[in-house]
Amino acid sequence: MLGSVSPDTDRAAEVPARVEATEPLDLLLRDLRSSRDGLSTREAQRRLIHAGPNTLRRRGTRQWPRQLVRQFTHPLALLLWAAAALAFSVGIEAVAIAILSVIALNAVFAFVQERHAEHAVEALAAFIPLHATVVRDGSRRSVDTADLVPGDVLIVSEGDKISADARLLDGTVDVDMSALTGESVPVHRSAGPVDSTVPLLQATDVIFSGTACTQGEAAAVVFATGMRTELGRIAALSERVRTEESPLEHQVRRVAWLIAAISVLLGAAFIPLAIFGAGLPFLDSVIFAVGLLVGNVPEGLLPVITLALAIGVRQLAARGAVVKRLSAVETLGSTDVICTDKTGTLTENRMRVITVATTSGDIDPFASAEAAEPVRRAARAMALCNNAHPSPTGELTGDATDIAVLAAAAALDPAAIGSAASDGHRLRQFAFDSVRKRMSTLDDAHGVHTVHVKGAPETVVPLCTAEVARDGTSRPLTERRRADILATVDARARDGYRMLAVADRPLPTGRPGPATPAAAEADLTLLAVVSIVDPPRREVPGAVARCRTAGIRIIVITGDHGATAAAVARQVGIVHGTPAIVTGPELDAMSEDRLDELLAGADEVIFARSSPEAKLRIADALRETGHVVAMTGDGANDAPALRRADIGIAMGRSGTDVAREASTMVLTDDDFATIAAAVESGRRVYDNIRKFIFYIFAHATPEVLPFLVFALSGGAVPVPLTVPLLLTFDVGTETLPALALGRERAEPGIMHRPPRPRGEPVIRRRMLLRAWLFLGLLCAVLALAGFFAVLLSAGWHPGDPTGPGTALHHAYRQAVTMLFVGMVAGQIGTAFAARTERASLRSIGVCSNPMLLWGIGFELVLAAAVVYVPPLQDVLGAAALAPWMIAFVVLFPFIVWGCDEVYRWVLRRRVPESSVPEPVPVPESSSVPESSSVPEPGA
Ligand code: ATP
């Protein structure tokens, strides 16, 4: 099968039209005009111009026409269509046209909002650029995956997403090919002769774009990029943001339907009531029934929710938390357990070796003079069993632990880093993995083969049978010495240090090197115990304190030593007493019931030396017991746990591509504080959604009550509102303030209340009562008061005729206008009241939401136009108001808002904020003790 590279005749690219991906490697390299040393930067840039960026174009047809059509055909719109048809069929074209305008306006609004939301989420891809490691100009460097070109030598290692089709040059890797083949069990791929008769996807030395490396490390030459890769051919679709309906949208959709059904019933019930009770002609009854129906269908609700979530997503991204689906914002708001790892999330991931303890004493590598032989031997092992690399600028790049260890090795013995810089000495590597918790290399120095190992002391020391004595000779490692060394490690870990043991094993010459980690990592000679400091991030204690007041439990799950984790957790305020430390093996031996019990208890608990499977079990146990779990992870093996948690959180900087892909949220700064901020944002967005749902619901009572008064009075009271005015009110006052409420800032105390229970409905009874029976009723009563005040002042008595041509007709039109303006005024008061659920408006600032002020400005202009622009007056049945009427109605917003202010005041006094215990004070600053006197291992 062929991996084709586009034909081009230009000299610069010099890559032939087609390369045979499975031809002998030398021929392939020749055809690609490349070598095992990769390309030069300049050549790569030239090729980029010809081959184009290594990206996948989204095929697919244009989406927007379909989206637009959907806005006109969703069920609530269909209901409105039916209402319009009804209006047409009974000959009331004006109403029908008004309803059609409502449908059109809503559709356009919803369409614009949906597109906006989609763009907001799609733009997030830019926040998590993917990088690939390539060899350019003879050294490794990280480039944007879009810049990969055919001929590049790509280095893939565990956790990397592979972003081009490439042929392995050396090394072995396990690859998750599920994106291409659907097969979820990783396959083994290694450099070597290929069977060119098998299909390309099964070739044992070819790796493909879109797949991921789950283990090992290899170098490979790229032969196809962008749309010419297998992935480009078959799928042509990069990861798309999932756009499934969130639980919130689902809930609201159901409620919207319920309300629509109630509106239909209400409308239908109104007809007989109006005909038989008020003696209204059939036609008029239908008109009003249709008006009621249209007025009460909350057609704008869903798009506003989508938009509010999208805005939340954008704000989160700006704050460093990129979420991949809208519903994550909502889930974040109800998160009640955060399972966090330690290194890089709670700590800075800027490590520095503080001491290297050998039998010749403890030394600070950066302050020591001439190193003794045991130290030099340890330095050699530290430099060789290491994957950090000096970048072209001289800085070390790679894993933070490796960087710290290499820097220390270089300081101890400058010759050591020289040998590490050239990879030629390394014959084999058994890469670090989070289950073994160690790495080893087989190195060659002038024909002498040596295994070098470094890793967690508890996993390395038991494999050691000897140690280096002060004079450089080896001596047996007794059980007592081993126990002493591990006791010393524990003591250092309790001070918060990250611990490593370094060992080696000279091999007899002439024998083949060990082929498995188990064979290599045996019979070791212990060289040194290394203490590394990784200070906690400064922002973390504050964020932890906020989580505590917000009732969010934090559980540390780390691969590190339990005592180190406990010390760091104490420094940042996660633990205060003596936490229960559960190690990986202890967790493995624990029954499900015991685990549930442990997690349900109030005890502080830390999971240390844990494996990725442990994370999955803990996530499962927490979810089973009804918690909403956010879980961090960075390794390739963490993917299942990240998928299982409600919110899987991957690290943007230090994490692997695989973890990022499996996660719901990526932290661009890897910082725990960002998780806390994201939870706060989630709570705020959810609160705001409740605010505008409340606001939209509060419309209902003022829209319905005037008709009821009319119907129940048996016609003695004229109809207080015309249908066109009702529709104007509905459209004119709903969307803009609702959108503005979606942008409210967080209410004070948002992180001082317990998390929202999983499954709590977005629309609560208290909220409905406040909307319909408190503020809604208040607005309706005020508006009706205005209506009657105008009528009565003109000498009206119940039952007096007010139709066209009667003496009271002008007063009636003024009264109807007054009712309309009164409703608008009431909604303004409601909009201010809706801004907070509990807090006083003063505490959040009366004018702190400028968009709401604009929305209200728009409402006022609309109302003024209705009242004073003659053509509009005629169409809508309105009349200009006298100054005293305006003066009267101006009071309404203040009355509504003031009454709600009193209600919230009572609420604050009667219902305490939360049942969350007072926060425990956290230390202002947290630092690891800077002691450097380390006991000799086992001294
Ligand atoms: P967390 O899970 O909180 O991020 P961690 O980074 O300490 O913690 P791992 O990366 O699994 O967890 O490391 C576990 C242990 O393995 C460390 O305590 C250290 O002793 C050892 N270790 C870490 N990195 C390396 C490495 N590059 N080479 C050898 N050993 C390492």
Side-chain angles (χ1 to χ4, degrees), residues 157-159 217 339-351 353 381-389 396 398-406 408-409 429-441 452-461 463 486 489-490 492-493 496-503 517 521 528-534 536-537 540 554-569 572 574 583-584 606-615 618 631-638 641-642 649-651 653-656 659 667 670 672:
S157 44
E158 181 179 320
E217 186 178 299
C339 296
T340 176
D341 52 13
K342 173 186 70 72
T343 310
T345 315
L346 299 178
T347 65
E348 287 187 357
N349 210 22
R350 276 198 289 122
M351 301 188 195
V353 173
M382 287 156 66
L384 289 170
C385 183
N386 200 306
N387 284 329
H389 287 269
L396 294 177
D399 171 74
T401 308
D402 279 350
I403 291 176
V405 170
L406 187 58
Q429 173 188 202
F430 302 107
F432 174 79
D433 79 57
S434 46
V435 178
R436 275 167 45 247
K437 298 195 170 32
R438 55 181 181 265
M439 70 173 281
S440 52
T441 52
H452 292 109
V453 183
K454 79 177 193 307
E458 303 99 293
T459 76
V460 174
V461 175
L463 303 174
L486 288 176
V489 166
D490 282 355
R492 301 285 296 155
Y497 295 112
R498 183 175 174 81
M499 303 302 293
L500 280 183
V502 183
E521 296 161 353
V529 172
V530 178
S531 310
I532 300 174
V533 65
D534 180 15
R537 290 172 176 270
V540 172
I554 304 168
I555 297 177
V556 179
I557 308 178
T558 177
D560 213 336
H561 194 292
T564 312
V568 172
V572 298
I574 293 176
T583 63
I606 285 176
F607 293 92
R609 293 296 187 218
S610 64
S611 61
E613 291 74 46
K615 284 191 172 178
I618 296 163
M631 159 106 49
T632 66
D634 45 18
N637 301 341
D638 289 335
L642 293 180
I649 304 171
M651 303 298 143
R653 286 197 198 153
S654 62
T656 57
L667 302 182
D670 297 9
F672 178 85

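Note that ligands are numbered from 1 as they come in the structure, with each ligand's atoms numbered from 1 the same way.
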Would you mind running through ligand 1 and noting each atom that sits below 4.0 Å from a heavy atom of [X]?
X	result
M499	19 (C), 20 (O)
L500	19 (C), 20 (O), 21 (C), 22 (N), 30 (N), 31 (C)
T558	1 (P), 2 (O), 3 (O), 8 (O)
K342	1 (P), 3 (O)
A456	20 (O), 21 (C)
K454	26 (C), 27 (N), 28 (N), 29 (C), 30 (N)
T401	24 (N), 25 (C)

For residues [X] and [Y], report the shortest heavy-atom separation together with the two atoms involved.
X	Y	answer
K437	S610	NZ-O, 3.1 Å
G633	K615	CA-NZ, 3.6 Å
L642	M631	CD2-O, 3.4 Å

In the structure I gave you, are the side-chain heavy atoms of [X] and [Y] within less than 4.5 Å of one another anywhere?
X	Y	result
V353	M351	no
Q429	N387	yes
V460	K454	no

Does [X], backbone or side chain, put an N or O under 3.5 Å from an N or O of ligand 1?
X	value
T343	yes
F432	no
D399	yes

### Query
Is the shortest distance from a Lys or Arg side-chain nitrogen in D534 or R498 to a carboxylate oxygen in the other one below 4.0 Å?
no
#### Entry: Option passing side chain to side chain contact (heavy atoms under 4.5 Å, CB included) with F672 (candidates I649, T345, V572, T347)
T345
### Message
With a 4.0 Å cut-off on heavy atoms, is G344 in contact with ligand 1?
### Response
no
## Note on the structure
protein heavy-atom neighbour closest to atom 18 (O) of ligand 1 works out as D560 OD1, 2.7 Å
### Query
atom 12 (O) of ligand 1: which protein heavy atom is closest, and how many Å away?
G559 CA, 3.4 Å
### Task
Counting heavy atoms only, name the option from K615, R609, R498 that's nearest to atom 7 (O) of ligand 1.
R498
### Query
About how many Å separate OG1 of T441 and CG of N386, when rounded to the nearest 0.5 Å?
9.0 Å
